[in-house]
Amino acid sequence: MSNLKKQFFVFDYYFHKGKARILTKLWEVFSRFQNIDGIAFFNEVRNFHFSGKIIFGFWNPKIIHLGDQLFYQPIIDFLNKKFEVIVLTYPAMKDYFATLGYKTFGIDEFEREVKGAIFISNEDLLWEMRKNFGKENIFLGINYASPPTPKRVMELIFEVVIKFLQRNNLLEKPINLKKEDLCPRVSPLLLAKYENDPNLDIFLKNPDKKFLLFNNYVFSNFKGVNKERKKRLESLAKEKKEEGYLICHIGSKKDKLMDKNFYSFVDYDLRGKINPLCLFKIFSLRNVYGIVSFDTFVIHTASILKKDLYIVIKGRSSYKKEEKIKKVFVPMASCFENLVKCIF
């Protein structure tokens, strides 16, 4: 891909993020939004009559990435037992939510005349939710990027949504939680869907071999991935290869086209061949031991299947922010902390 196309991709990404953030902040200020713990913001609606619907909005891939959606799964699971929960997402993640038993739609498949619902998403999507679904709903936006007190992102989202519902007398106090309520899961139905995927042959035909997946690509915060961090990640993969693991390189077709480097330590190149949701099936295999990667969706996918995590985090503007990332996002839940074998 030409340098001009790369520059356009970067511009387009940050333009949409910036526009969404500005419009949301303006709406929050002029509408005098309420907040919870300084990380969740919501509008007030006069004479609001709750319909029983709680709608999670994940439909914009430029704002809500694949990994972001996984952060919400435990709270969706919990609320689905008490309310009518609906998930609005894009095609890449529809099967993940649908196979867990949630009502799942694309944005174009869902009715726009909704009243008395509570919409929940990332803060940056607040204005777009308001534009699409009108004034007679409550919109709760969560900003978990820099919480005042570091806490695993899944627990942070879970707690702030519960507080919001309790504040509005929609949920009892206290609630009884089990440890597994804060640990995400994947449906056996989703795993079964990829049972016959041809990309599994590499692993199934070598049952006595030990495999690790290797991912050196990112979608969000790609400016934080410099040559030094890439080399560190490659060195980590080389170390694991010397320990006897077979290395499988994963990424999208676009990643492969843009990357002209040769990786001598890679045994199998699966870039452009694997559906993102097929990764759940691959990580469910006994002889797939884990992932070497930047802090991206694939790290979160591997953790749900209880696989070893070898992580190089994407660079942030300060050491303090990088340390906070380790305490909040990698791993995404406390129940996965023992899976992190090394993190740089």
Side-chain angles (χ1 to χ4, degrees), residues 1 5-24 55-73 75-76 85-100 102-110 112 119-133 139-145 153-154 157 184 186 190 215-225 250-258 271-280 293-302 304 314 329 332:
M1 183 174 287
K5 286 185 178 179
K6 288 182 184 178
Q7 290 177 353
F8 176 78
F9 176 79
V10 173
F11 170 80
D12 185 62
Y13 173 79
Y14 282 107
F15 173 78
H16 281 89
K17 289 281 284 188
K19 179 182 176 183
R21 189 158 296 171
I22 290 168
L23 289 173
T24 289
I55 302 170
F56 288 84
F58 305 141
W59 62 79
N60 188 335
K62 291 180 179 176
I63 297 174
I64 312 293
H65 305 140
L66 296 173
D68 292 323
Q69 299 183 53
L70 295 179
F71 300 158
Y72 288 85
Q73 196 273 318
I75 189 62
I76 294 173
V85 169
I86 297 168
V87 178
L88 303 182
T89 187
Y90 43 90
M93 288 295 285
K94 282 181 75 173
D95 281 346
Y96 174 75
F97 291 111
T99 55
L100 284 167
Y102 314 137
K103 294 180 180 178
T104 307
F105 302 93
I107 184 68
D108 294 330
E109 302 168 328
F110 193 67
R112 298 301 171 96
F119 285 78
I120 300 174
S121 188
N122 290 19
E123 184 189 11
D124 287 345
L125 200 68
L126 273 174
W127 171 253
E128 191 173 327
M129 290 195 293
R130 159 71 172 75
K131 184 178 70 173
N132 277 286
F133 295 103
F139 302 96
L140 176 69
I142 304 171
N143 182 352
Y144 47 72
V153 62
M154 280 190 166
I157 290 172
V186 61
L190 182 64
N215 168 63
N216 58 335
Y217 306 110
V218 300
F219 181 76
S220 63
N221 192 36
F222 35 78
K223 291 177 75 174
V225 177
I250 60 172
S252 68
K253 186 176 181 180
K254 183 191 288 186
D255 291 330
K256 187 171 183 176
L257 289 172
M258 291 174 66
R271 291 175 295 174
K273 298 178 181 179
I274 298 175
N275 178 307
L277 295 185
C278 183
L279 287 170
F280 285 106
S293 176
F294 292 113
D295 50 307
T296 67
F297 170 73
V298 294
I299 286 289
H300 307 315
T301 307
I304 292 177
K314 294 169 281 186
F329 293 100
M332 57 183 172

Audit row: L100, Q73, side-chain contact (heavy atoms from CB on, under 4.5 Å) steps and yes/no: CA-CA 10 Å; L100 284 167; Q73 196 273 318; 3.9 Å; yes
With F297 via ring-ring contact (aromatic ring centres under 6.0 Å, His included) - residues at least two apart: none
Gap separating the CZ atom of F119 from the CG atom of N132, nearest 0.5 angstrom: 8.5 Å
Single hit among T301, L66, V218 for side-chain contact (heavy atoms from CB on, under 4.5 Å) with T296: V218
Minimal non-hydrogen separation, P184 against M332, with atom names: CG-CE, 3.9 Å
Donor-acceptor contact present, side-chain Y96 to main-chain L70, <3.5 Å: no
Heavy-atom closest pair, residues I304 and V186: CG2-N, 4.0 Å
Rounded distance (nearest 0.5 Å) linking atom CG of N60 with atom NE2 of H65: 8.5 Å
I107 CD1 to L88 CG distance, which is reported to the nearest 0.5 Å: 5.5 Å
Residues forming a side-chain hydrogen bond (donor to acceptor under 3.5 Å, both in side chains) with N216, sequence neighbours excluded: H249, Y263
Contact summary for F71 and M154, nearest pair of heavy atoms: O-CG, 3.5 Å
side-chain contact (heavy atoms from CB on, under 4.5 Å) evaluation trace for K103 with F110: CA-CA 11 Å; K103 294 180 180 178; F110 193 67; over 6 Å; no
Steps toward side-chain contact (heavy atoms from CB on, under 4.5 Å) verdict (F329, Y144): CA-CA 10 Å; F329 293 100; Y144 47 72; 3.6 Å; yes
Full working for ring-ring contact (aromatic ring centres under 6.0 Å, His included) between F97 and F56: CA-CA 11 Å; F97 291 111; F56 288 84; 8.7 Å; no
Atom pair OH (Y217) and CZ (R271), whose distance is rounded to the nearest 0.5 Å: 4.0 Å
Interatomic spacing from CD1 in I274 to OG in S252 - rounded to 0.5 Å: 11.5 Å
Minimal non-hydrogen separation, T89 against K94, with atom names: CG2-CG, 3.6 Å
Test side-chain contact (heavy atoms from CB on, under 4.5 Å) applied to M93 and L277, step by step: CA-CA 7 Å; M93 288 295 285; L277 295 185; 3.9 Å; yes
Separation between CD1 of I142 and CG of D68, rounded to the nearest 0.5 Å: 11.0 Å
Contacts of type side-chain hydrogen bond (donor to acceptor under 3.5 Å, both in side chains), residue W59, not counting sequence neighbours: E128
Nearest heavy-atom neighbours spanning L125 and G57: CD2-O, 3.3 Å
Polar side-chain atom of N122 near backbone of D124 as donor-acceptor pair, under 3.5 Å: no
I299 versus D295, closest heavy-atom pair with distance: CG1-CA, 4.3 Å
